[in-house]
Structures are given as structure tokens and as C-alpha cells.
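Quick note on labels: first sequence line is chain A, next is B, and so on, each numbered from 1.
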Amino acid sequence: MSAFMWNILLAFVWAVTTELFTPTNFVIGFIIGYIVLWFAPSVEGRRAYFLKSWRLVTFLFFFIKELVIANVRMAYYTISPLNRMKPGVIGIPLEDLTDSELVVLSNLITLTPGTLSVFLSQDRKTLYVHFMRVDDPDKLRSEIKGSFERRLLELTR
Amino acid sequence: MKDILAGSFFILGGLFSLLAGLGILRMPDSFTRMQAATKAGTLGVGCLILGVAIYFADLGDSTRALLVIGFLFLTAPVAAYIIARAAYHIGVPLWSGTVIDELKDSPDRGIGEDDQIMRGAGGAGAQKASASDHTTPNPEPATGDEPRTPDHDPDDPTDR
Amino acid sequence: MCAANSPGIPLSDLAMDGAVGLIFSVFLLVALSALAPTVQRFVRGWTGLLLALGPASLFAWFATQIPAVARGETLEAALRWAPSIDIALTMRLDGLALLFALLICGIGALIVAYAGAYLHGHHQIGRFYCFLILFMASMLGLVLADNLIAIFVFWELTSISSYLLIGFDHRRTAARKAALQALLVTGAGGLALLAGLVLMGIASGSWELSEILASGDVLREHALYTPILILVLAGAFTKSAQFPFHFWLPNAMEAPTPVSAYLHSSTMVKAGVYILARMHPTLGGTDSWIWALSIFGAVTMVLGAWLALQNNQLKRVLAYSTVSSLGAMVMLLGIGTPLAAKAAIAFILAHALYKGALFMVAGTIDHETGEKNTEKLGGLVRLMPATAAVSIIAAVSMAGLPPLFGFVGKEVLLEATLESPTFSTWLVAASVAMAALTVAAAILVAVKPFIGAHLETPKKAHDPPLAMQAGPAILALFTIALGLAPQFLAGPIVGAGASSVLGEQTEVKLALWHGLTPALGFSALAVLLGVGLYFGRAGVRGVGAALGPIDAVGPARGYDAAMASLNLIASAQTRILQSGYLRNYLIILIISTAGLVGFTLFARHGVPEIRVQTIPNFYEVGLAILVVVGALIVVVSRSRLGAIAALGLVGYSVGLIYVLYGAPDLAMTQFAIETLTVILFVLVFYHLPAFATYSGKRERLRDMLVALIGGAMMTVLVLLAVEIQVDEPVSDYFIRNSAPKAYGHNIVNVILVDFRVLDTLGEILVLAVAAIGVHTLLRLRPDRRARR
Amino acid sequence: MTADLTMPVVLLDAIIGMLAFGIAMSAIRLYLGPSLADRVVALDLIATLSVGMIAIYSVKTSMPVLLLVAIVLALIMFLGTIAFALYIQKGAPP
Amino acid sequence: MSSLALILPLLIPLATAGVGILAWRSRRLQRAIGLIGSVVLVIASVWLFVLVREEGIQSLQIANWQAPFGITLVGDLLSVALVLATAVMGVCVIVYSFGSVDRARESFFYYPLMHVLLMGINGAFLTGDLFNLYVWFEVMLISSFVLLALGGERAQLEGALKYVTLNLASSVIFLTGIGVVYGVAGTLNFADLALKLSAFEEQGIVTTLSMILFITFGVKAAIFPLFFWLPASYHTPPAAVSAIFAGMLTKVGVYALIRVFTLIFNQDISYTHTLILVVAGFTMVTGVLGAAAQHEFRRILSFHIISQIGYMIMGLGLMVSGNPAAVRLAIAGAFFYIIHNIVAKSNLFLISGVANKLRGSYELSRLGGLYASNPALSLLFLISAFALAGVPPLSGFFGKLMLVRAGLEAEAYVIVAVALGVGLLTLFSMTKIWAEAFWKPAPDESDDESAGESPGKAAVRQPGMALMMAPIIFLAVLAVALGVFFEPVYNFSIDMADQILDPRAYIEAVLPPEYIEQVRGGVK
Amino acid sequence: MNSIILQTATRYLLPLLLLFSLFLLWRGHNEPGGGFVGGLVAASAIALQAIAFGPARARQAVRIDLRALIAIGLITALVSGIPALMRGDSYMQAYWMDLGHESIGYIKVGTPLIFDIGVYLTVIGVALLMIITVAEE
Amino acid sequence: MEVLLAIVIGILFACGLYMMMRRSIVKLVIGLALLGHAANLVIFVAGGLRRGAPPLVPTGADAPPELVADPLPQALVLTAIVISFGVVAFTLVLVKRTWQAVGNDDIDLMRATDT
Ligand code: NA
Ligand code: NA
């Protein structure tokens, strides 16, 4: 991601030229650098950099949304009578993920309520997840794969 | 404005923390309790600290606060995963109302951990336990020259 | 360190020359003792004779001092030791000291020579010489010493060297036991003597005996007189085997005969008598003195003589007879008249001569025949004529028949009892009884083996080598010579000795023939009775056997009982205190602490007043509850990992308390340490067994109670500390100076790395060693070492 | 370093109360168990909520330095939990 | 220069330990470092000793922070003499270890641990600060824990468990006491405490504080009824370790008692010191009776440590007497007794190690025949044993004499009687060892007298025996010399007592005059 | 523990923790922190490594033998007081100097910092030696 | 609050001591750890409690503007915490090794070294 390095370099140059080495100034330099990069087609991987950064932002928003929704749901489980719950453990088939992707995915699943990663199979092909409410296992499987895994892969690859 | 925002996060965080406490006490089995504790705890404290970051609105202090969130979000789920995995591995029972357990019947069920891991060996010695019964999962680890193999508390049926 | 007169010790100019000799004499013997084993290695068979030259030459030197001393002069010398605490090797040669010095060196020389032959070929003979001469040195030091502490030093050395001598035949259990018994009895007395001597020093203000003796009635009128007297008597009585401490002496006959002859007849046992004689001028003459010495002396005298006749082992008869004689000497010192003093000194001299000879003869008989039982000995005169001659001469002296010096001694004894201002009748009766029994004993032990029909013995007897014959023979010759010319030969020294005992110069007349005095009558009576007793000894023993049950409560049994109960008490006490139960130790620690601190607080201060300082917030209360809950879970948890988790809870909540009260550094450290502790616990507990409950309900309740008492004490202490403030804490200095002087804004850190850096240095050292300890414990194991 | 408090104390106390409630419930779970996993999760939650507690307290006392303490705790409690998990996994067969 | 002299007894062992740890690969290097360090420590201690003897009390404000704020090291006669004794014992034990400690222990930091122990002891003797004293106690304890357990034999571990538990319990009490003392007085510096607490009107509180410290130092000193850890453990490690423990560790407790109960808690003497005197009596008696019940070489010696601590404490307790001469003599006697006991007791432990090496046991029933086979060793034992039992003219006699005389001058007749009686029982125990281990024929020995000569003599030529004997001979000579050259030692003891009994000199050596003025004026 | 998820998370956490520990060490003189906490945090980072990858990997991560690390820490702490001795001052007396330049500001560096580094190294060595040795059992 | 904490300290002590008096050596160490906490709290509380203000000097100032908590007890406790960690860790391993050597965790069976 040399474009990112470029961005850092620009922020540094900004700080040097303004002779002000405060963190705030550095952040300003970074933002200005980002804008500069927008108009600098010579930088290699510039396009991917913008795409990734955009996806990161949307991913974060997605994550926060999931987090909030799921927490509300969790709150509901917590205070509602126990017989409303239908917990279960379901195996989610995975693509061929890298270590870091696995960690992020597992963490995301755990952090979003109603789900808890329990077990990653030896061949790294299946992630078993504990659900608070299982109505249709296959639907849950595709939900996880469709939202979390897809968005994660979009971000990282 | 800043204080209102911070205050809202405080309230949100407080509520989640409350829920986490309620959940960990009220949920019927270890895994549902973990669900409640990890999420509500992390999110609740996350919100609180976000509020603190906003409240102080000082680069150094706020960065430190955000650092806490970062750490929390990195470590808490990993910890939960590791605990859940270990708990499942040794056969902590699922709630009777559990509707499905695909892991139970899976051929992957063996934890894939070598018991000698702390001795630095690799993970090759995956052991497959009898898949049918949760209460008798793994055979006792072979610990070589120890005078007595480690075990759990025989007088405490709950300690497993 | 050199010989010199220390301040406060007056030395006449005249004495200076002789003085060095006094100290030299003791050191000569010490040096000889140290060299003895080496000499033995090189000289072998002639060692005894060679070594005997030392004491012999000292004897000669002391003999040259007789005229001067008899004139009333004294030799004095001092060697600085620790003058600041009144310890000096001050030496003083007066009549009493001279008499003893002559006996010690003279008989000592004979004994050393005798021992050379007696123990010929023994592989530890070198050590024997060493101990024997060391004893000689100690004894000489004792009689010469003038300083109270020096007296005690030599006194103890005689006990120690005699311990080594009695146990010389160390492979035998009986010898070891007898040595220990002698050491303990005389050692106990020695400690009493120490206390008595120190009290004397304190009471009189002087630590030189000569000064104390010169100061007249100071001690007799002092409030501490009675304790001093009791303590000194305890020392003297144990050493001189006075009733009821007489039992150790016959047992000490386990020692080789030269030792018995020397220590247990002529010298060491007389140390007690010596001390009494020495103390007479300052402690004597009071009613308690007279009563104690007369009664104990007389009882010992008769009892010893009686017991002598009850035995048939050569050395035991002689030993009891010695006890009897020691009793007589003590009795005479108790009477305390000039005549009695003269009698005591004469009797000491007479006894030393004949008893030393008899012991050596007894040793010779044993050595030559292999038989100790008098009843199984007889007719030896044909086989060992020389020995028989010496033995019979000594026996005659012992029996108190003229013309030997024993007769002189016994006559003055009887006279002294006749003229005793107190208890005269009883004392005369006792003396006659003693004399009669002694006659019988003398015949039994020194005459009977030689006359009559020859009895077969294990070894074929013949006269021993010259070195063994010389000793008793010379002593016998002295007995004869002194008996024939008592005034000329013994008069000066006896007179000088009596003068010392009385504390003033006295004239002494000694004569073989006193005319037809009542004493002579009693003497004759005693001899007749004695011969009768000898032939009727079977009856005497019958009576003794009938009295046997008394022995069950006697002092010898008392010693055994004391030893047994010492063992019993010791092991019982140890079983109770050092029970091995860690819990008991902890209970004692807790109760001691709480009891002592609590009692002190209430006794010295009163119930402390506690005011509530600040009202806690709700979350402070919550936190407090959390700590308590955590601790309680730890206690009640039946799962060990649960307990660890709860321990973590306690740790984290304590950390929160630190946060609450402004201690972020502490809180951080607490959290970090707590986590590491938990990890260690978890990793270690993996190998440990599960919690088990071993204690019963009652024990648990008791422990709970004790724990609560401990906790309550801590609560009170904390409240006390909060409540009371003596002064502003020094920490204001840190707060004010941290930034400007130590360039640090975190005051706690500045304290740790600057203000109190030494604490931190020690602390990381503790950590380092703890880690090394963990490493070592786990890696260095006997089982693994064995495998290596 | 320090600033004046601009937040209603009541609110902060209420938040502290909520956290305290959570901690109290976790403590009960710690006691009840029944499995070691439950106790560990309870301890982990207590530590997590303590992080929040410290953060709020830093607001209440206007002591942002306390956030460093919160960071240390957040960082390090993970380790304790993992150690327990290790134990559960390998040390507690039936 | 005094600043250097006071810190060296801490720095030398610390540096030695640090370098020693780095050299863990080479046993030979470890030995060399250990020996050099201990010899240098002796030199430094002599320097400090001479300095203090000639120029009076020395103090060092660590990091140049003036007392009572920083930590002060103080060298008075008492502490520097003990530092010197520690250093000398260090050399003795290290040389002895060369011949007796096995390879495995050596390569597991035996020598560095020994030096840390020495440092802890020196720190405890030199510090003038209550909390710093705690730190040195802990340094001492932890290194003694490890030395005790080093090797991992079962008996060692069992003994160590009790030793560790009880000592840690006492550390906790100490820590609590420090907290309370600081809470009440607001200071930790000895001199400052002396100044402030003696002026404090509520002496009952001060006495209560003193009791906490009495208990905690009492555990370290192994007084009645807090001594259990000692007989449970001291006989378990290698003899060299036993010897340094026996010689030095309990003495640190006694030192601390003497320090605080002369310098700080000297107001309510009729209460505190009477208590000390009573405890002294019980300590002597229970210790000596405990020994009488034992039949193992080192267990007997261990119980005697306790009994002899009683003598030292007795000297302190005699302060209760109003007679200044008696008090002076008593304190001097206690000091002399400490020095004597370090020499004699350590030596007996060293000798027990030789006996064990020769006969393979410490059990009296399995020992025997040493008198026949090892006359030199027998002589050395006799000297040390009789010194311990207080037989003149050896060192122990003079200690006993000083205490007895002081006690009689103080009219404390009961304690004197107890002390004398205990002396007799000590003699009894020593002769028990003598009779069993030396006189008695070895159990496996034939009745043939000359046969007793061979096995031991062969063992004398065992490797390392010379290294073991050298310190034993040295210490035996010392036990004799302390008696023969008693005068200078006595004078030193008296000077020491005078110094100890006059806290002003100590306070003035530590605190600046204006501070003293200010406190004297300021406290209620 | 043979868990990819834990191991991966550890890879990210390790540098973070080490960095933070150095921060605590460096800022400890002026803010909460210091050699102890810094050392403990660093040690816990490596302890995490030990749990996730096994003790052998943790030993590798430290590179230097832990016993030596302890000794070096001790000696560092000890040596920090030597300059004072060499100038005849009392042991451990602090010497400070200003490091830096007018333009970028000064930082105070002194012997107490060296001492704190000694503490830091010792604590790391100690905590790790304990944990790793125990873990290797 | 001092009163409350004093009581907490008392209970901690009681719990720690009770654990140490158990016959199981495993409980012994746990008791020791509890005692450590209790002792540290004693120093902390006895030295005087002040809510809030840690002993830090604001940047640029020479001394804290307000009353701060007493730093000395804090430094002492910090030292004590660390020492107690080292000691407890050692004891823990000692207990383990003792258990291995004796083959039992009942401390009443470990009396051979006493009499
Ligand atoms: Na106070
Ligand atoms: Na710090």
C-alpha cells in the first residue's frame, strides 16, 4: 500500500514546512495529503487506496450499525423470559482466509450480539458459532457469509 | 454540546454494563452467559470510554481513551473465543433448550490442540474424542514424569 | 599480655621475684599438657617419667618456699587479663595454697610416673597425659588463684579435665555415664559457686579474695550473706562429694586408677574442702556456717565410712572411705576453732598421703591380678611382697595407728571434736564411728588381699615395674617420716595452712604422743571396734542390705530420677511446643500477637477512642463489600481455580481502592501483579491436587475464631493509626521538593527511584532472588540429579 | 492536567452505580459458577467493568491520568483470562 | 570517605551476586567470584569498623537526601561490629562450601545467593530506617528461603515450607507495624522516631507499637514462643548453609530488638523490658529442653540457638534495672554473647558437616568413633562445644559471666538462676553429642580398639576436607582468642553499650541539629 | 495454545504492549508508570507469547538468557549510583542533564532514569523467568 | 471510610489467616496472598486516606496546587506489593515441589523435620 506511505510522507512534509510538530498539525497534513493524492495520478495504487479507504469507512459504519442493532437484540434476550431463546451452535463454512482475516471475522462475530465464535475447525474451513436464537440454520449461515465475510474480503483483497 | 454527547455515551455505556451484569447472572448456560458478558461488557465499557474521550477532548487524553477501546475490541472477543472453545472442548454442557449443535456431530470436533503445547510442541497431535457424549470428551493428557496427572476437583462436580 | 601487677592489687616488693614463678608454674603445666601427646609420639615408654619431671621440679620449688610461708609471708603475682571487669590471674601463695600446691605437684609427679607404667601400650596414652597434666594445672591454678573469677575458671577446668579423665575408657558406656554424672553434679555446683563468687564480689566491692578476707566482717554482715553461703556451699559440697551429693564419686571409679588416685583421693575432691577452708575467714564462724558444715560433714563422714564397708570392690571401698574423710574435713572446718583448723589441715595431709598410696596399690592389684573384689583376693604377700609392704603401711596410717602420720591426723581430729563448742558429744560419737569403720575398711582393702590363704586370680600376679611401685612407696615413706617427726616435718606447713584457714598467724604443735588423753582412749576404742567390724562385716552388710530400700529414695536415685524427668519433660515440652503442626505454630503466633498488642493497648493506654473520619460514598461501600465478598469466596470455594478467580477479584478490587484514593501507580502495579500472580497460580495449580478438607468441624471453628481475633486486632491497629498523629508526616518534604529538586512530577516514582532508592534496590533484589529460587526449585531436583 | 468538572455528579454517580451493579452480578456469578468457564467470564467482566469504572472516575475527579491505569488494566486482564482458558482446556478433563 | 565505607558492605555483595549470576556457566568462575567478593567484603568491613571505632558514629544519607526524608545508613559500634562478623563468617562459609557443597548446587547460584544473604544481613545492620529494615529482612529471607530449599530434598522442602510460612507471617506483621508506626508518627527514620515518640505524651500508644515490633523481631530472633520455624528447618540444608543461618540470621532479629528497644522504645521500660526479661527466661529454658529431647547433631544445635538467644535477650531485658552499671554491663554482655555465639555456633554446625561427611549421617545413633579416628576434629569440637556451654576460659564463659554479673548487680536473681541452670543443660547437650558422636564406638565398628582408626583417617584425605577444616580451625582459634584476649573485646563491648544507651549520639549523628531543635520545640 | 486466532491476535498485541511498556518506563518519572509497571507490562506481553506459542518461542523472543537479563538489570540499577561515588558524593545521588536543542526542546535525563531502566530489565527478567520456567514444567 | 476499610482489612486478615491454617498446602499459598493484600491496605489506610488527587505535580508547577494523597505510603505499598509477589511466587512453587516430594498435600503429614 505505497499510496498510504505517500500519504504519510506528505503529512510529514507538511509538518516540516509548517515547522509545527504537533499531532494536530500532523493530522491536518494527512488530510491535505489525501486530497493532494486525489490529484496525483502518478502514484501507484492510488485508486485501490481510495477504494479501500472508502470501504473501510463503510465497513466501520456497517459494523457500528450491526453492533447497535445486535446489542439491542441482546438486551431484549437478557430481559425477556428465557423460553424465548432458541440457542444453538452452527458451523459456518469459510473461504480460504488469512490469519488476520480469521481474527477479524471471529472478533466481529463475537462482538455482534446473538453470536459467539466457539470453534475454528482444524482445516480452517468451518467456524462454529453459538447463536442466541436459531430459527433457520441455513439462513443464519448465509447471513454471516453474505454480510460479515463478504464485506471483510472486500476490504482486505 | 460536547458534554451532552459524552453524557449520552455514558448513559448508553452504563445501561449496557447493567445489561451485561444482568445477563451473566441470568442466562441459563455458560455460552449464553458469555454472549451477554462479552458483548454488553465490551460495548458498554467502549461507550463509556468513548464518552470519556469526548469529554476530555484533549488530544493526549482522548487518544489514550481510544487506545483503551482499541485494546478492548481486539482482546475481549479473542478471550471470549478462547474461553468458549475451551469450555466446549471439555464438555461444559449446553442449555437444555439448545435447539441445534452442529459441532457436536462434526468430525472436526477434536479441539486440534496438543496437550503438550506449553512444552512447545506443535499442534499435530489432534485428538478426537468420542463425539457422542459431552461429559466425557478428552482423555487425560499424558504428562510424562509427573507424579500425578493433573485433574480437576473431585469434590466439586461443578469445576469442569 | 605480660606478667605485671595490675592496679588495685598490692604486691610487696619482696614478692615480685617469686610472683612470676607462681604464674609460670601453672603455665608450665599447661604447656606440658599441650606437648604431652607429641612427647609421647617420640619418647614412647619413658614419657611418664619424663613428664613427671615437670611437677616434680615444681614440687621442689614450692618446697623451698615453705620456710618463708611458715613465717607468715605470702608470695603474690598478677597477670593482667581483663582488669576492666576485675578479672586477673592474681596468684597468692600462703600456707593453705602451699600445702595444696605441694600435694598437687608431689603426688602429681608420682601419678604421672605411675600412669606411664599402668597404661603402658595404651594407644591413647598421649591424650591421657595431656588431660592429666591439664587437670594438674587447673588444680594448681585453683589453689593459687586469688581473683574470684580466676578461682572459678580453674575450678571449672578441673571439672572439665576430670570429665575427660573419667571417660578416658570412652568405649564403655559405664565410663561415659560416670563421666557425665561427675560433670553434671560438679558442674551444677560450679555454677552455684560462680553465682556465689560474683555475689561476693558485688557485696564486698572487691574481686581479690585476699582483700575480701582482710576486710573482716563485711560479708558476714551483708544482706547477701546467706545466699552467698548457700551458693558457695553448694559448689563445695558437690565437688567434695558431701551428702547428699556423695554418689558421683564411687561411680567416678570408672576412671583408670591413676585418675582415681589423683583426682578422687588426693586433689580434686579436696577442691571443695579447699574452698571452704579458703572462705573460712570471711564466711566462717556464723551459726549457719557452723551448723551446715558440722552436720553435713558429720553425716557424710559416717555415711561414707558405713558405705565403704558395704562394698567389696577395691576402688569403691576406697572411694567411700574418701567420701568419709572429706566429710571429716568439712566437719572440722565447720567447728572452726584453731584446733579444728589445725586438725583439718593435718587430716588433709595425712589423708592425701595414705589414700593416694592405697589407690595406687589397688590399681596395682587390679592390674596384676585382674581381680577387684576384695573377697576374692588373699595371700598376695608372697607374690607381691613389695606392694604388700607399702599397702600395709598405708593401711596402718589409714586406720590411725601410731607411729604413722594418719594417727596424728586422727588424734587431732578427735581432740578438735572433743573441744568443739557446739555438738561436741554428737561429733565425737560420729568421729569414733567413722574411725572404727575406717579401720575395718583399711583392713579389708589393704591388708586382706595380702594375707591369709592365697586365692586364685585371673592373672598371675607379681610385683609391678618400678615406676608403679615408686609412687605408693614414696607416699608410704612420707607417711612414716611425718608420723615420726610431725612437728619438724609437718608442723610448719600445717601451721601455715591453719593460719590461712583462721585468717591469723597461729602456732601449731604436732606430736605423735600427746599423753593419755581422752582422744587416745576414743582412738583405742575405735581400733577395737574396727577390728570387730572387719570380722563381723558380713553382719554389717546384712544390716546394709536390710536398709537397702532406703537407697530407693537416696540421692543416687534422685540423680537418675532427675535425668529421667529431664528427658521426660524435655520430650513432652518439645512434643507440645514443637508439635510439627504448622497450624499450631500459626495459632500461637496469632494469639501471642493479638494478646500482647491487645493487652498492652488496654493496659498502657486504655480503650482507644475511634471517631468516624469521613462518611463513605455508596461506591466506596460497594467496593468494600466486593473485597470482602471476594475474600469470602476464596475461603468457601471448594474449587481451587474458583478460589484463584476470587483471589483475582480481591486483587482487582484492592486495585480499585487504590484508584479511588489517588494512587494510580499503585493501582497499575496492583493490576499487573495480580494478573501475573493469577497466571502463576493457574500454571502451578495445574499440577497440584484439588482442595481437600481435612479438618473437622471443631477445628475449623477454632481456626475461625483465632483468625477473627487476628483480624480484629488488625482492625483496631489501623483505627489507632488513623486516629493518632504525633507529628506531620515527613512526606510533605517529598511533595514540595519532588519537582524542583528531583526533577520528577510523579512523586511516587521519585520516591522510588530517588528519595528512597535503596528500598527499591533491595526490592528488585528480592524479586531477582525469588525468580532464581523458582528456577532452581523446578530445575534442581534430587530425582533429576540422580538420573544425570 | 486537571480540569473543572462540567458533568452533573448525579449522572456520573448513576453510571458508577450501574457499573457497580454489573460488577456485583458478576461477583455472584463468580461465586455460583458452576463451571470454571463461568467464573473466568465473570472475573473478566469484572475487570472490564472496572476499566469503565476507572474511566468514569477519572471524569468525576477530573483526573485524566487515571486513563493510564485503565489502559494497563485493559491490556493485562486479557492475559489472565487466557491463562485460565489454557487451564480449562488442558487441565480440566472430566 | 565515610560515605563510601558505609555503602561498600552493601555494594560489594550485590556486585558479587550480580556478576556471579552472569557467570552461571562456569563453576570455577563462580567460586572465584564468590571468594574474591567475600574477601573484599572483609576488607571493607574492617575499614568501616576502624573508621567508626576511631571517629564515632558514621551516617550516610543515601542519594544525598537528608534524614529523616531519605534513607540513612548508620554505622555505630554495634552495627559495624556485626557487619564485620558477617563478613568474616561469609569467608569462612564460602571456603567451607568449596569443600562440601555439591556441583549441582554450585551451578544453581549457590554463591550469588550466599552473597545476597550477606547483603541482606549487612543492610539490616546498617540501615537507620524502619521500612528499609523490612526490605533487608526480605532480602535476607528470600535468599535464605532459596538456600534452604536449594537441592530440593524432601526434608529440605518440608522444613522450608514451615520456615517460609512463619517468617512470611512475621513479615506481614512487620509490614502492618510499619504502616501503623508511620500512621502514628509520620516518619520511618529510627532517629526521627526516637525523637518524636519519646516526646509523645501518650506513651501507652508508643508501648503498643513497640509490641508489634517486638513480635516481628521476636520471630526473626526465634524467641519463645515464636521460634518454631527454626528447629523445623535449620537441620535440613547443607551444613554450610546451616552454619551461616545459625550464626547470623537470628542475630539480626536480636540486633533489631536491641536497636529499637534501646533507641526508640526506652520510655516504658518497666513494662517492655520486664516482658523481654520474662520472655528471655522462657526462651532459654524451652530451647535447652528442646535440645535435650533431640538425638540428631544439628537438631540439638538448632534448639540451642534458641536457648542462647535467650541470653542475648536477657541482656536487653536487664535494662529494666535502675542500676546504670548493671545495665551497661548487661548490654555489653548481650553484645559479647552475640559475637561469641556467632563464632561458636557456626563452628559447631560446620563440624557437624564434617562428621556427616565422615560418617554419612547426622543421627547420633549412627555416628561414633570420631574421637578415636579424628583427634584434631575432636579437639576442635570440644573447644567450640565448651565455648558454647560457657566453660572458661573460652568465649562463652565471659558472655555468661557478664550477664550473670549484670543480673546479680541488677538483683534479677530469678533470671540469673535460670541462665546458670540453662548453662548446665547446655553442657549436658554438648556432652551428649560428644559422648555419642565422638567417644562412643561407631555402630559398625568392631570391638577391636585399633580398628576404630582406619575409616575416619581415610576420610580425612577426602577431597575438600582441608577446605572444610580451615574455617573450623580459624573459628575455634577465635573462640579461644575471644576469651584469652578478653580485655580489648570487653572494652569494646562497654564502649558499644555506652553508645547504645545514649541515644542522643545516634540521633545527632543522623539528623541535622536544626531539625532536632525544631522537633523538640514542636511536638506536643 | 494452538489457536490461530489467539496467535494472530498475539502478533498484533505484542508490539503494542512492548511500546506501551516503554512509554510507561519513559514517562514514569512524570506520570503514573515507571520501571515496575513498565517491566510488568513488557513481561506480560512476552508471557502472552509464551501462552500462545509455547515457552520456547517466548524464550526466543527475549533473545538474551533470562538469568543474564536479571543480572544485567541488577547491575544497571547498581551502576546508576556509581557516578556519585566517583565524585565523592553519597551513593545514588542523582545527576541530571538536559538533552536536546533549543529548537526542539529539552528533555531531562538523569541517573534515576538509568536506575529505573535497571528496575525495568530486572522485572522483565524476573517475571518471565518465573512464568516460563513454570510453564515448561 | 477509614472505619469501613479497617473492617475490610480485618476480614481480609481473618480470611487469609484462616486459609493459612488449613491442612492443605494449596490453601496455604492462597492465604498468604490474601495476607499480602491486607498488609498493603494497612499501610495505605494507616498512612491516611485522601480521596482523589494523586501525588502528581502538574507540568510547569513546582508543587501540586491542592492537597494530594500522601505519596510515601504509596511508595511503601508499591515496594511491598512487588516483594510480596516475589515471595508468593516462590512459595507457590515451593508448595508444588513439596507436594511432589511428599506425595500428599496434607501438611499434617509433613512433620518429620520437627521432632
Ligand atoms: Na495517623
Ligand atoms: Na512509578
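The nearest pair of heavy atoms linking F/G33 to C/N749 is O-ND2, 3.7 Å. Nearest heavy-atom pair across F/T122 and C/A768 is CG2-CB, 4.4 Å. Closest approach of C/Y743 to F/H29, counting heavy atoms only: O-CD2, 3.3 Å.
Neither the backbone nor the side chain of C/I747 has a heavy atom closer than 4.5 Å to any heavy atom of chain F. Proximity to chain F (any heavy atom under 4.5 Å) is shown, for C/A770, by both the backbone and the side chain. For a residue to count as touching a neighbouring chain, one of its non-hydrogen atoms must lie under 4.5 Å from one of that chain's; by this rule F/V41 does not touch chain C. For F/L24, the part lying under 4.5 angstrom from a heavy atom of chain C is the side chain only. With a 4.5 angstrom heavy-atom cutoff, C/T760 touches chain F via backbone and side-chain atoms both.
When side chains are defined from C-beta on, C/L752 does not count as touching F/V119, because their heavy atoms never get closer than 4.5 Å. C/L778 has its side chain within reach of F/E137: a pair of non-hydrogen atoms, C-beta onward, lies under 4.5 Å apart. Annotation: side chain of C/F671 is not in contact with side chain of F/V37 (no heavy-atom distance under 4.5 Å).
Between the CG atom of C/L765 and the CG atom of F/L74 there is a distance of 6.0 Å, given to the nearest 0.5 Å. Note that CG of F/L78 is 9.0 Å distant from CD1 of C/I764, once rounded to the nearest 0.5 Å. How far CG of C/L683 is from CD1 of F/I131: 7.0 Å, rounded to the nearest 0.5 Å.
Heavy-atom neighbours of chain C within the stretch residues 64-73 of chain F, taken at a separation under 4.5 angstrom, comprise F/R67, F/I70.
Remark: C/K741 NZ is loosely packed, at most 12 non-hydrogen atoms of other residues, nucleotides or ligands lying under 6.0 Å away. Within a 6.0 Å radius of OH in F/Y12, other residues, nucleotides and ligands contribute 12 heavy atoms or fewer.
Chain F forms more heavy-atom pairs under 4.5 Å with one residue of C/T675, C/V769, C/V774 than with any other, namely C/V774. Across C/D754, C/L761, C/T669, C/L777, the residue that shares the most heavy-atom pairs under 4.5 angstrom with chain F is C/L761. The residue among C/A739, C/A771, C/G773 with the most heavy atom pairs within less than 4.5 Å of chain F is C/A771.
The backbone N or O of C/N746 sits nowhere less than 3.5 Å from a side-chain atom of F/N30 that would complete a donor-acceptor pair.
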